[in-house]
Trainee: 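Take this structure, written in structure tokens, and hold onto it; I'll ask about it next.
Letters A, B, ... mirror the listed sequences (proteins, then strands); counts begin at 1. Here the structure is a predicted model, which means the values were calculated and not measured.
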Amino acid sequence: SEEMSRIQMFLQHDSAYACVAEFGELGLVEFSDLNENVNEFQRKYINEVRRCDEMERKLRYIEKECRKALNAVPPDNGENPDTPMPSEMFNLELTFEKLENELKEVNSNKETLMKNKLELTELKHILRKTQTFFDEAHLTLGSTTGSESSSTSLLSAEAPVGDQHAPKFGFIAGVIVRERVPSFERMLWRACRGNVFLRQTEIETPLEDPVTGDEVNKCVFIIFFQGEQLKTKVRKICEGYKATMYPCPDTQAERREMSMGVMTRIEDIQTVLSQTEEHQTRILSNSARNIRLWFRKVKKIKAVYHTLNLCNIQKAIIAEGWCPSADIDRVHLAARRGTERSGTDIPAIINKMDTRKIPPTYHKTNKFTHGYQAIVDAYGIADYLEINPAPFTLITFPFLFAVMFGDCGHGTIMFLFALWMVWNEKKIAAEKSTNEIWMILFNGRYIILLMGLFSIYTGLLYNDCFSKSLNIFGSSWSLADTYTTMDITNNTLATTATIQLNPKYTFDTGSPYPLGIDPIWNIAQNQIVFLNSYKMKLSVILGVTQMIFGVLLSFSNHTYFKRPLNVISEFVPQLLFLCAIMGYLVVMIFTKWLIFDSEDSAIAPSLLITLIDMFLFKTHILPLFSGQQVVETLLLIVAVVCVPWMLLMKPLTLWMRNKNLLKTNQGLTVRNVRTVIHSREERVNIVDEDELGVGTSDDVDGDIKGDLDEEVEDAPFEMSEVMILSSIHTIEYCLSCISHTASYLRLWALSLAHAELSEVLWNMVLRIGLVSSTYAGSVITFMVFVGWAGATIIILLIMEGLSAFLHTLRLHWVEFQSKFYHGDGRAFTPFSFSVILDSSDD
Amino acid sequence: MGGGMSGPSFNIDNGYLEGLIRGFKNGILTRNDYLNLVQCETLEDLKVHLQSTDYGSFLANEPGPLSVSVIDDKLRNKLVLEFQHIRNQSVEPLSTFLDYITYSYMIDNIVLLITGTLHQRSISELAAKCHPLGIFEQMEAIGAVSTPAELYNTIIVDTPLAPFFLDCIFVQDLDEMNIEIIRNTLYKNYLEEFHNFCQQIGGITADVMCEILAFEADRRAIIITINSFGTELTKDDRSKLYPCCGKLHPEGLSALARSDDYDQVRAVADYYAEYKVLFEGAGNNPGDKTLEDKLFEHEVKLNVFSFLQQFHFGVFYSFIKLKEQEIRNIIWISECVAQRHRTKIDNYIPIF
């Protein structure tokens, strides 16, 4: 990771804002909170933050109105404005204030107009609908004249031309939301004990709610009743159900006249309304163009003030933070730019500080390495300056994946897909998709690219392409010159299903197949047996190599952090232990491959048994090489010695050192040493602040650093703790050497599963079409191909790919990184506008 | 219903919602948050601090200056949204359980509307004050009724409160006293019914909820007794209002029915260990906590305990109650801040 520096910045009140804004554009400084125990709302610049909140609220309001009125998302032209200066903030505030007020006024005007319009439209409908009610009443009256039955008395009574002796009937007409009609009707019935008569009908066209703009379905109703008491009751119920009541004239002529009046008024209102809407659209379309820009400006101001709130504010504004040591010049430059922008002549002062605080970890990545770094970071952020496994992962990750996914056909598809993403990356990135799964794929495009490429390579080695072999160079197995020796004729080929080929006669020893596995194995019956043995050994070799490499990396960690004790007490025994057991196994694998050929392969000893015999000190019937017994005994002794070495050496050394330290310090405990250092550094800080950082503290910090050794950090020394820790590590390491090697066998297992699955798919699906000898076969193949291609993509590419990816991830996180990676650091989170704007745009 | 409600089978229907509610519960303000809130100088400060809690930007779209009533509205809206989300996702018997929770708000709303109309306030003004959890369709037509019988026949009969109201039909007319009687009768019947329902569900739900509801019943009995001193409510009528599902039932309730002053109530409570403590700490002197606060504290404690068990419905009830208490706390603090009356600002009841 990058080397980081703790920097202290003394900013003038006038120029602080501009400087911090420049740092935000730069995105290389992480600010530390110097007011941790001050409440959010007690900080210095909280009022400015609040003003920004207020501006954002107004902008959100304007944006909402834009969406509502223009029915379109305000365009985003991706402009990146300069951070507005505080003076500009007033202007922005004024603009927003004016816009909001204007919009509010227009909206309230519009709302009143809409309300009027709604009322008039409802009235129009009432007049029209009640007319039909009254007409119907006339008709019913006509048909039932003379009938004195009680059921029609109510109906006849409501007609204006009804019986003379009937008491006067009143009615109320109005409009109610459709959903509430049934309960309204029931309530009326209950409250008035059935003494009212209700007619209702639906308004066909839905009306617009003036406030929300939603469409609502309403019904016109008319209620007839008798007497004042019922009238108040009905009115109250109507109010309770939020029904709007309208005056409705008694006679038909009046109703017609009123209806005419209403129509003209609706037309008038419509013209005014369209003018208001036009005005609104004009205001909004102007602001819609700028709204994203405004949002960004306000976000930037707010971010700057949030950062300033982290600073210690006295005569000058004192900020502390981290930045990469290599980029400190750029930070200086940004501060100078900021000072110039604000027009003051007192420069900002930036000092490197010496500190005991552990710096954050910062890895510079580009778009290619970013994905791999993310894989490592997902396990744990590296300690500061610890070796970063990402560069090694860059190659080993796709390679181990490909070992499990070895099929050049599938690899090609994967590679082309990733290539397409890489090719169009600018276009795709600009779309800013919100589909999470798609974005995961897209962000891993370079990983997928390499995985595809490596799969093609391993596919060629396994000679596997959609489960079939490519016979590019011609198989090295031949029957041609063995007819005589093996008693084979053309006839035998036609009659027997299988023929056993003896490599002694049929294998052309002069030229083995030049690339990977000989294609003849693809049609061999013992293909799996052959490949298993090969892939299993390969897995062990790859695994042990990667683990040894991991242990070697721990050496460079130990030397970098100057921990010679760890080299002797951890690295050396670990390496010896691993090499003595697993390394020896790898050596045996190679030896076995080298010394047995087709002549004597039948008597080759089993490696597994050999290894077990090694632990049991048994004599081998057939040694691989002379002196094997002695070598094995030696290796075993080395491995056994390594265990107490790892377990005891470190705790004992630390214990001795601590005893000596106590003796020499004459009872001065380590704790006291540390407090002395502490106060000394505080004094340095005070000096710095008084002289505005003019004084340097180089002379003092030399000896502070010297004292701060790793061993001092361990104090107070606790023997039991160190002992327990050491034993845990030892047990874990010794067991893991065996179990991790076994774990690498997943390389073989998944590779086997992948090959078998794709073969099954070929034989069960695509072959259905291929075996047919008639023309119908071509049609069947055509149809079956869809199924085969779909299953290939879904099962073999996506599912198998994911599973292989997951296993690779595990092999890296657990088997590889556990050998050296600590991963206990804290990521560097610089104050950067681009990050802030990106995260808030979503 | 009882057997299949425990363990993993609980999760088939309710696991997601329980998880959700426990997540919501983690957003409840802690003691530390209150300590910060109490330090606020203005309501704007309060808003800034609430923004850093689970309330997030719930006030972000409110144009300033803030008022306590706006905060109250927004707090309540948030709770209602959460509750309604859960209610919409729930299936039987949890949905009925959740409905039971809303009934108490319906009772409050009815009483609020009746008292309001008695005092000639307009229905729309009153409706705005009703708790959104207890809103029902027929509610606003309450202005059209004038006697309890009418109230039942036109409005209550269609609501789930109908069975609770049967005892009140015989009350003569609607005056202050009778409204209180109606409220308490409704509440008594409601509590007993809810208690019953929880026992039907059985299992841990019954264990947890019966404890909480029993306390609720006892609290009401005690408060009714204390408030009835000096009014024209007869002892006989009073005893009819006591919910019978509490721990005071039956001996304690009959003793309460006989008591004439505060000290006698206290003497009754002395027989019950958990209530004795509450009366001991309570007093009306400055610096003392009131009995009401003590009772609230005990309620909070019971509700917090319900989160200690899994696979039961009590958490839903407890969450609503704790959130109610939190809203009361925030409003109390905001009132104190708004009126610059800081001496009593610490009288809130912290939850965690």
Trainee: Within a radius of less than 6.0 Å around NZ of K110(A), do more than 12 heavy atoms belonging to other residues, nucleotides or ligands occur?
Mentor: yes
Trainee: Is it the case that more than 12 heavy atoms not belonging to E436(A) sit under 6.0 Å from its CD atom?
Mentor: no
Trainee: Using only non-hydrogen atoms and a strict under-4.5 angstrom cutoff, which residues of residues 37-52 of chain B touch chain A?
Mentor: Q39(B), C40(B), E44(B), D45(B), V48(B), H49(B), Q51(B)
Trainee: Using non-hydrogen atoms and a 4.5 Å limit, figure out which bit of Q229(A) sits close to chain B: side chain, backbone, both or neither.
Mentor: neither
Trainee: Measure K58(A) against the heavy atoms of chain B and call it side chain, backbone, both or neither at under 4.5 Å.
Mentor: neither
Trainee: Heavy-atom cut-off 4.5 Å, strictly under: side chain, backbone, both or neither for E137(B) against chain A?
Mentor: both
Trainee: Looking at R190(A), R193(A), R186(A), which hits side-chain contact (heavy atoms from CB on, under 4.5 Å) with T154(B)?
Mentor: R190(A)
Trainee: Mark yes when over 12 heavy atoms from residues, nucleotides or ligands other than K44(A) sit less than 6.0 Å from its NZ; otherwise mark no.
Mentor: no
Trainee: Does NZ in K104(A) sit with more than 12 non-hydrogen atoms of other residues, nucleotides or ligands closer than 6.0 Å?
Mentor: yes
Trainee: Can you give me the closest heavy-atom contact between M187(A) and I155(B), atom names plus distance?
Mentor: CE-CG1, 3.9 Å
Trainee: With a 4.5 Å cut-off on heavy-atom pairs, point out which of E100(A), E56(A), R180(A) contacts chain B the most.
Mentor: R180(A)
Trainee: Rounded to the nearest 0.5 Å, what separation is found between the CZ atom of F184(A) and the CD atom of Q138(B)?
Mentor: 13.0 Å
Trainee: Is it the backbone or the side chain of L188(A) that comes under 4.5 Å from a heavy atom of chain B, or both, or neither?
Mentor: neither
Trainee: Counting heavy-atom pairs under 4.5 Å to chain B, which of R60(A), R50(A), K236(A), K233(A) comes out on top?
Mentor: R50(A)
